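When a residue number appears, it is its place in the shown sequence, counting from 1. Counting starts at 1 for both ligands and their atoms, following the listed order. Everything numeric here is computed off the predicted structure, so don't read it as measured data. FYI, side chains are in, hydrogens and waters are out, and symmetry mates aren't considered; it's all heavy atoms of this structure.
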Amino acid sequence: MSPSSAKRLITLEEFIIQGQNRFRGATGELSQLLRDIGLASKIISREVNKAGITNILGLAGSQNVQGETVKKLDIFSNDQMLHAFARSGIVSMVISEENEEIIRMQSSSGKYVVFMDPLDGSSNIDVNVAIGTIFSVFMRKSDSEDYPVDEDALQPGINQVAAGYVLYGSSTIMVYTTGIGVNGFTLDPSIGEFFLSHPDIKIPEFGSFYSINEGNYNGWSPGLKKFIEYCKEKDEATKRPFTSRYIGSMVADVQRTLLKGGIFIYPESIAKPKGKLRLMYECNPMAFLVEQAGGMAVDKHGNRLLEREVTNIHERSEIYMGSRDNVQLCADYMKRYRKTVSSGTKAFEPAEV
Ligand code: AHG
Ligand code: MN
Ligand code: MN
């Protein structure tokens, strides 16, 4: 094959720069931030691949062969991401699942606030199942001359300027959006480079998968129960029963939902009235990606999740997201049943935990 007939591969780096060049006056800072995340994720990916062998060589907390203390993989990932954000000085605050408090970076003038789940699906590490890193980027509201304040972090999801995830699966893939579509880059570990592998990802309008932890069925709202029963009924015309798929790593479940369509749900329930997932570093970034890919992400009332007001950096939220047709139908079920409830039957009121 002559060099000219070879398929021209676009690296993450090139793609980011091309995107930046499309905006006159762009300072390149967001591009720098995405590159920093790309680098940190390569280091995490390497470590994730070693996780099995690390188990043989020493468990978290013990000493490895170099005499260093072996860190838990989620703490390691947290550290790597924080190093990356410290490197370029453009991030003033980081909010991480691993840190109770807001982390204020040395560069207090940095204009970005980043939320992250450094390692999502961590209960799957020990069983060699896919895990990931999730990030969400906001522009701070206060002037960069001033010291960043807590309010800079409390912004609704619609204000995100970028969001994405890295999935450490059978291969490592970084998927992100800056608000103009969604693109995916697969890591070639032999040369340590991400290449554009999934340009302009569009979620199918309808998909025949539903993804939810069905063990919690008894605690769900009646509308949700009815919707899941609908998914299981046999009807050839509507391609039912749908296929149930639940990995238990949100990143992996969302990746499948983006590519194959269907619905992913982590609902409110009696045991978990606000659901389990965190609004700012699990739900919002995924909702942004799903919308940018042409899908929908809503709360239990069928309202757009990205418009939810936030009061606490670690707050939880229920989430219903995926292909438009599936999500709309689920929202309709929940609405329809709620109407019946208000006209007399026993209401679903999740008890406080
Ligand atoms: P994390 O590992 O960051 O705590 O997140 C785990 C999350 C998410 O990845 C997944 O969708 C969900 O927990 C699974 O929860 P259940 O086991 O309750 O289904
Ligand atoms: Mn998580
Ligand atoms: Mn986590």
N/O donor-acceptor pair under 3.5 Å between Thr257 side chain and Gly262 backbone: no
Among Ile43, Val48, Asn49, which residue satisfies the side-chain contact (heavy atoms from CB on, under 4.5 Å) criterion with Ser45? Asn49
Begin with the C-alpha distance, continue with both residues' side-chain angles, and end with the deciding distance and a verdict on side-chain hydrogen bond (donor to acceptor under 3.5 Å, both in side chains) for Tyr217 and Glu229. CA-CA 11 Å; Tyr217 182 92; Glu229 280 161 29; 2.6 Å; yes
Do any N or O atoms from the side chain of Asp120 and from the backbone of Gly132 form a donor-acceptor pair under 3.5 angstrom? no
Return the set of protein N, O or S atoms whose distance to the Mn ion (ligand 2) is under 2.8 Å, each given as residue and atom. Asp117 OD2, Asp120 OD1, Glu282 OE2
Over 60° means perpendicular and under 30° means parallel, so tell me whether Tyr246 and Phe264 are parallel, tilted or perpendicular. parallel
For ligand 1, protein residues within the heavy-atom limit of under 4.0 Å are Glu97, Asp117, Leu119, Asp120, Gly121, Ser122, Asn213, Tyr246, Gly248, Ser249, Met250, Tyr266, Lys276, Leu277, Glu282
Which residue is it: Asp117, Asp74, Asn78? I am looking for the one with a side-chain contact (heavy atoms from CB on, under 4.5 Å) to Glu97. Asp117
Keeping the roles fixed (side chain from Gln160, backbone from Gly157), state whether a donor-acceptor pair exists under 3.5 Å. yes
side-chain contact (heavy atoms from CB on, under 4.5 Å) with Leu34: of Val137, Thr178, Leu12, Leu39, only one passes, and it is Thr178
Over 60° means perpendicular and under 30° means parallel, so classify the ring planes of Tyr230 and Tyr333, tilted if in between. tilted
